[in-house]
Amino acid sequence: MKILPSTFPFTQKKISDVLPECKTRRYTDKHLSNLKLVVTPKGSKTYYAMYKVAGQARSVKVGFANEVSLTDARARVVELVNSEKEKRHRTFLPPDLKKLQTLERLSGFTVQDAYRAYYENHLKHRKTSGNRQHALHHTYTNYLQQILGKLDITELNRKWLAKCLKNIFLAKGYTIHNKCVTVLKAMFNYCLVYEDNYALEFNPASLLKKETGVVRSRYLSMPEIVNLLTELNALNHPVFTDLFKMALFTGARIGNVKSMRWDEIDFNNATWIVPAIKTKTNKTYHLPLTAQAIEILGNRYDQRSESPFVFPSNRSASGHVMGGDAIWKKVITSAGLYSKNKDIRIRKHDLRRTFASLQALKGVDINTISKTLGHTDIKHTQIYAQIDSIKSKAAIDLAFGDLPLNCK
């Protein structure tokens with residue numbers, strides 16, 4: 001079978017002879033480039049008028065090829081194009097979402113199709129803790145699917161997509177916005193590389209930018225640590241009292257603490273051997289354990305069950321404890337550390353920042369702190385190791401202490 005080029009001079013006979021292929025094809029009339037013929041795998045042949053208005057692609061269905069003659073289709077396209085030229089002095093309005101969702105599908109490849117291909121062949125194979133769904137899957141299904149899912153890929157416009165994401169930012173904040181940007185870029189990049197029937201030759205989300213959020217620098221002062229530990233002891237929870245203490249005394253990520261195993265603990269050398277599979281750097285690192293951490297682990301070891309986890313759970317598919325947000329909120333509220341402002345509210349990850357910052361305040365060098373956090377690049381450690389302004393002032397005063405006061 002001879003495959004027709006994408007552009008050829010339309011004739012009634014050639015239109016009749018066009019055969020369907022395994023994917024939707026679009027042909028352009030060589031005599032009138034605004035006239036397109038879209039042929040679906042099922043054999044449907046439809047004429048479209050395609051042109052641009054104020055830089056925006058416009059597509060208007062003219063009619064089915066078996067109902068509209070080629071001469072009438074050309075006349076209709078010329079009429080539409082000339083009509084739009086007369087309206088150029090008017091203000092152009094961006095595409096309306098509801099109208100886009102009711103348009104005739106052009107490529108037959110929707111945003112939902114793009115995401116489904118990305119999810120089934122890639123995202124669902126990414127490892128998550130327990131039986132939890134991947135964060136990007138949660139983002140798409142909760143924030144993007146209803147808005148974009150039914151749209152044909154060819155209907156997406158970069159400027160409109162950016163406006164759509166801006167609305168999500170205003171409604172949900174920068175965190176959700178940035179996750180939406182991530183999943184859109186990832187799914188379209190996947191389709192460009194691996195999907196043969198993907199209708200575009202570019203990523204419509206490639207120019208989307210992430211919003212800058214509040215840079216976290218919060219760590220607990222010593223009085224705040226005392227208050228937190230007091231409330232944890234008063235709570236006396238069989239799991240989370242020790243778990244949150246371990247997060248503070250080890251500086252480990254909360255997910256790693258939850259999944260800590262007994263075969264990772266070296267009591268003789270007071271070391272926690274965190275395997276590469278649990279680290280962001282994919283490297284095993286040896287974390288020295290404080291006296292407080294060893295005491296907690298010793299007490300739990302004496303009461304351990306047959307589970308390999310330090311913090312086991314019979315209700316979790318992972319075998320170790322999950323969650324704990326409600327208990328954390330209760331504890332920090334009782335300790336006077338809760339704030340309605342989520343940007344300054346104490347989070348579990350701030351225990352890691354506290355672990356690093358307390359070392360810095362005691363004069364520990366940045367390289368050593370970096371090793372205790374399992375970092376391979378010091379620039380990542382500098383985010384956590386915040387230096388007290390009082391200590392900084394004392395250092396500056398010391399530097400210029402020998403300068404006579406009357407010297408300017």
Side-chain angles (χ1 to χ4, degrees), residues 94-95 97 100 111-112 114-115 118-119 122-123 126-129 132-149 151 156-191 202-220 247 251-256 280-281 322-326 328-329 332-333 337-357 373 375 377 379-386:
L97 176 60
L100 281 175
V111 175
Q112 182 65 21
Y115 179 75
Y118 168 65
Y119 177 76
H122 177 72
L123 190 59
R126 297 275 299 275
K127 185 176 180 181
T128 58
S129 298
R132 291 189 304 173
Q133 62 179 206
H134 196 283
L136 292 186
H137 181 61
H138 178 273
T139 299
Y140 176 81
T141 53
N142 285 275
Y143 304 106
L144 294 173
Q145 182 172 321
Q146 185 176 0
I147 300 174
L148 302 176
L151 296 184
L156 293 182
N157 173 277
R158 284 170 173 162
K159 291 183 179 179
W160 178 84
L161 198 57
K163 183 178 180 180
C164 174
L165 268 291
K166 193 69 174 181
N167 291 335
I168 291 178
F169 167 67
L170 294 175
K172 300 296 181 180
Y174 74 92
T175 301
I176 298 300
H177 170 275
N178 291 348
K179 288 182 179 179
C180 287
V181 171
T182 298
V183 70
L184 285 173
K185 287 186 175 182
M187 61 190 270
F188 291 138
N189 279 337
Y190 173 85
C191 290
F202 64 95
N203 185 335
S206 61
L207 298 181
L208 294 178
K209 302 294 183 183
K210 292 185 177 182
E211 296 287 347
T212 302
V214 176
V215 178
R216 297 281 298 183
S217 59
R218 183 73 163 91
Y219 65 92
L220 279 71
R253 296 180 178 86
I254 196 71
N256 286 348
K280 286 187 175 182
T281 58
M322 305 288 287
D325 291 344
W328 175 254
K329 181 178 180 180
I332 62 173
T333 301
L337 301 174
Y338 181 80
S339 172
K340 291 183 178 180
N341 186 341
K342 62 181 181 180
D343 291 328
I344 62 175
R345 184 183 306 159
I346 290 293
R347 302 174 183 173
K348 295 186 286 292
H349 194 74
D350 292 334
L351 298 176
R352 180 169 168 83
R353 186 177 293 105
T354 299
F355 176 82
S357 298
L373 292 173
H375 287 162
D377 193 327
K379 70 179 181 180
H380 300 307
T381 310
Q382 292 170 338
I383 299 173
Y384 296 95
Q386 304 293 325

Please determine whether side-chain contact (heavy atoms from CB on, under 4.5 Å) holds for the pair Leu148 and Leu161, giving the CA-CA distance in whole Å, both sets of side-chain angles, and the decisive distance to 0.1 Å. CA-CA 9 Å; Leu148 302 176; Leu161 198 57; 4.0 Å; yes

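- The backbone N or O of Ser339 sits less than 3.5 Å from a side-chain atom of Arg345, completing a donor-acceptor pair.
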Check step by step if side-chain contact (heavy atoms from CB on, under 4.5 Å) holds for Thr139 and Thr182. CA-CA 10 Å; Thr139 299; Thr182 298; over 6 Å; no

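- Taking the side chain as every heavy atom from C-beta outward, Leu220 and Leu337 approach each other to under 4.5 Å.
- Side-chain contact check for Lys172 versus Tyr143: some heavy-atom pair is nearer than 4.5 Å.
- Closest of all the heavy-atom pairs between Arg352 and Gly251 is NH1-O, 2.6 Å.
- To the nearest 0.5 angstrom, Lys166 atom NZ is 6.5 Å from His177 atom NE2.
- At least one side-chain heavy atom of Tyr118 sits under 4.5 Å from a side-chain heavy atom of Leu136.
- Note: His138 NE2 to Ile176 CD1 = 7.5 Å, rounded to the nearest 0.5 Å.
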Could you go step by step and tell me if Val111 and Tyr140 meet the side-chain contact (heavy atoms from CB on, under 4.5 Å) rule? CA-CA 11 Å; Val111 175; Tyr140 176 81; 4.1 Å; yes

Residues Phe188, Leu156; criterion side-chain contact (heavy atoms from CB on, under 4.5 Å); working and verdict: CA-CA 12 Å; Phe188 291 138; Leu156 293 182; 3.6 Å; yes

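- The NZ atom of Lys348 sits 7.5 Å away from atom CH2 of Trp328, with the distance rounded to the nearest 0.5 Å.
- Note on Asp350 versus Arg347: no salt bridge recorded, every NZ/NE/NH1/NH2 to OD/OE distance being 4.0 Å or above.
- From Gln112, atom CD reaches atom CD of Gln146 across 12.0 Å, with rounding to the nearest 0.5 Å.
- Rounding to the nearest 0.5 angstrom, the gap separating the CG atom in Leu208 from the CG atom in Asn203 is 8.0 Å.
- Scanning all heavy atoms of the two residues, the minimum distance from Met187 to Ala114 falls at CE-CB, 3.9 Å.
- Closest non-hydrogen pair, Ala205 versus Lys185, comes out as O-CE, 3.3 Å.
- Note that the SG atom of Cys180 and the CG atom of Leu165 stand 6.0 Å from one another [nearest 0.5 Å].
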